[in-house]
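Notes for the one structure printed next.
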Amino acid sequence: MKFTQILGVAVLLSGTMLAGFAQAADINGAGASFPAPAYQAWGAAYKEKASVGVNYQSIGSGGGQNQIINRTVDFGASDAPMADDKLASNNLLQFPTVIGSVVAIVNVEGVADGHLTLSGPVLADIYQGKITKWNDPRIAELNKDVKLPAAAIVPVYRSDSSGTSYVFTSYLAAASADWKSNVGAATSVQWPAGAGAKGNEGVAGTVKNTKGAIGYVEYVYAAANKLATTNLLNKAGKVVKPDVSTFMAAASAADWKTAKNFNASMIDTAGADAWPIVSATFILLPKNPANGAQSAEVMKFFDWAYGKDGDAIAEKLHYIPLPDAVVGDIRKAWQDEVKADGKAVWSN
Amino acid sequence: MAHMDATLGASPSGQLAHKPTGRISDPIFVGLLWASGLFVLVLLGLIIAMLFHGGLPALKEFGAAFLWSTSWNPVTEKFGAGVMVFGTLFSAIIAVIVALPLSFGIAFFLTEIAPMKLRRPIGVAVQLLAAIPSIIYGMWGFFIVVPLIAAYIQPPLIEWLGPLPVIGALFQGPPLGAGMLTAGLILALMILPFITAMFVEVLESVPPMIKESAYGVGATTYEVYRNVSVPYGRTAMVGAVMLGLGRALGETMAVTFVIGNATRMSASLFAPGSTIASTIANEFPEAPMGSLKLQALLQLGFILFVISFIVLALSRLLVRSKLKS
């Protein structure tokens, strides 16, 4: 697309101009909005330590992918993993940074935070408009000790295409064959029922304003705003609460060893205590950087972020750090796969 | 130039001899003026060409059916503009229907009834409505108007009018608050100042003699309004409404907040929908380069451009025909 190239050049020009004001070695990244708070907090802390600034523009995963394909930034960020063939054709290395999760939030009269339990198939049928009342027998069966009102259910979804919707619809598709064939999983889908609101804050606001509403947001957002969340019945048949321990359980239940391009699914894993809607967010890095030193700076930054200080910052913001074994594999991939002029840029 | 020199030369003082400085600068100045004028044309042409060219693959993929197909499914990559074109026109028409009587009232009040002391404050207040950024309308709509409509307006209307035949279809669905009606109401507020300002101008241009004559033969205020002022400026007023309509068609942020953003077709005023502009705003960040989705979005932009162009051309035509006569 011609104009996007021109746009890219414009962004690049303004980027270099800004970089000229700050520091010559600043790192530029762009993409996913979900991990943006973590990247920005890391960037601020890293600047104090290493005096290299990190400019991260939260423009959405699609934008991040476009910019790294055009090589207008040093690294791209994406919530949805890029397809294997697209990674290969654009010569990109993909690796995860932090793990996040999606939770369901509700506004049901007489139901307090954490007192309602739902399951994947029930959620899928709510979002398909097949379960329309809160006192539906299928919800009642999961909540024997909760008094459910006869109110109508209003499903609320993200109207802007987002990684959150991708993760949530992936879970619905995994839990319900019906959803998989009728709707599918993507950053935005053709929602069969309900209304859309823009951003996490839009979904949270609409749920808060609408009696009988149900929505989904990132856990990070729900925790920071103390929203009323639900429990979920996971694949192992256990009712789990959304908290750090159940997210960690999902991360360790994922199959990292055989996953290609670190694309290990943490959706609806079989772990006994695993929260079923968990996903990693990814960084995209050129395997053939034009400027090897700059690429090394990017890896140095993420190397620090995977360390003790970076983990502490991530946890404070309610993100889940990666298991240590995965981080080891990522460092190995940096060494093996990123080469400038045929020479490895990173060495462990 | 010659004319200007003549005027300057004839200045009453006559003491300062006029030194013509325009020999070199004048052609440059004229050249710059030409460039500014042509710049707009070229820019407009390039934008149209970019939108059309960028969206062409989507049009080729789906054919003319793209214009009315109601499917917008990013998963299966089946795109159609039907729902958005409908939503764009539906919400804009609601806006005009709501804004029109209000604008009539305000404009006539300001020109005929309001005491001089009140004219300025009310006039300024109307103008200030136009100065509020669209995102503020969106936030206000989302946090204040949507909950109010969901709590107090929709439930009784759904209960009373929903079961009626034919018009009942307009009042069905759950009381979400967000939807076509809410979007139309917010849009009405946003186009109100533009329509009102033009109405005031039109009403002020009615020759006082005609009005006085009407009052003289015993006509009431309403009769003068109904039979003299409005017929006198009717064409220009229609043009003003079209101008407001054109603005409502392209409004993005405020609409995105309150329309409910559903890519489903529904005849109900309360059902969530989407407009062309809101769909582009929602989907653009995650539309990868070269994807069919991005091409479909560009084609949507082109369709909006064409709709707005037709509306604007009609309004110009109507306003101009009046000014000439």
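The model shown is predicted, which means the values in this text are computed figures rather than measured ones. Every chain is numbered from 1, with letters handed out A, B, ... down the list of sequences.
In terms of heavy-atom pairs under 4.5 angstrom with chain B, the leader among A/Ala186, A/Ser159, A/Gly60, A/Gly62 is A/Ser159. In terms of heavy-atom pairs under 4.5 Å with chain B, the best-connected choice from A/Ala80, A/Ala185, A/Gly194 is A/Gly194. No other option in A/Gly184, A/Gly163, A/Ser188 has as many heavy-atom pairs under 4.5 Å with chain B as A/Ser188. Residue with the most contacts toward chain A among B/Phe257, B/Trp72, B/Phe143: B/Trp72 (heavy-atom pairs, distance under 4.5 Å). Listed options B/Pro272, B/Ala151, B/Gly260 were ranked by heavy-atom pairs under 4.5 angstrom with chain A; first place goes to B/Gly260.
Every residue meeting the ring pair (Phe, Tyr, Trp, His ring centres under 6.0 Å) condition with B/Phe171, not counting sequence neighbours, appears here in chain and number order: B/Phe270. Taking A/Tyr127 as the reference, A/Phe168, A/Trp191 meet the ring pair (Phe, Tyr, Trp, His ring centres under 6.0 Å) condition, with sequence neighbours excluded. For the side-chain contact (heavy atoms from CB on, under 4.5 Å) test, residues two or more places apart in sequence or in another chain that qualify with A/Lys287 are A/Asn91, A/Leu93, A/Glu337.
Heavy-atom distances place the side chain of A/Tyr157, and not its backbone, under 4.5 Å from chain B. At a 4.5 Å heavy-atom cutoff, the contact between B/Ala262 and chain A is made by backbone and side-chain atoms alike. Heavy-atom distances place no part of B/Ser274 under 4.5 Å from chain A, backbone and side chain included. At a 4.5 Å heavy-atom cutoff, the contact between B/Met253 and chain A is made by side-chain atoms alone. With a 4.5 Å cut-off on non-hydrogen atoms, A/Thr187 touches chain B through its side chain but not through its backbone. Of the two parts of B/Thr263, the backbone and the side chain both hold a non-hydrogen atom closer than 4.5 Å to a non-hydrogen atom of chain A. At a 4.5 Å heavy-atom cutoff, the contact between A/Val183 and chain B is made by backbone atoms alone. Contact of B/Ala281 with chain A is made through the backbone alone, with heavy-atom distances under 4.5 Å. Heavy atoms closer than 4.5 Å to chain A are found in the side chain of B/Lys293, but not in its backbone. Both the backbone and the side chain of A/Val189 come within less than 4.5 Å of a heavy atom of chain B.
Atom OG of B/Ser291 is separated from atom CG of A/Asn66 by 8.0 Å, given to the nearest 0.5 angstrom. The distance from atom CG of B/Asn261 to atom NZ of A/Lys198, rounded to the nearest 0.5 Å, is 8.5 Å.
Within 6.0 Å of NZ on A/Lys180 lie no more than 12 heavy atoms contributed by other residues, nucleotides or ligands. Counting heavy-atom neighbours within 6.0 Å of A/Glu109 CD, excluding the residue itself, gives a total of 12 or less. The number of heavy-atom neighbours closer than 6.0 Å to NZ of B/Lys60, taken from other residues, nucleotides and ligands shown, is 12 or below.
Residues of residues 202-210 of chain A lying within less than 4.5 angstrom of chain B, judged on heavy atoms, are A/Gly202, A/Gly205, A/Thr206, A/Asn209, A/Thr210 in numerical order.
Under the 3.5 Å distance criterion, the side-chain polar atoms of B/Arg264 are left unmatched by any main-chain donor or acceptor of A/Gln190.
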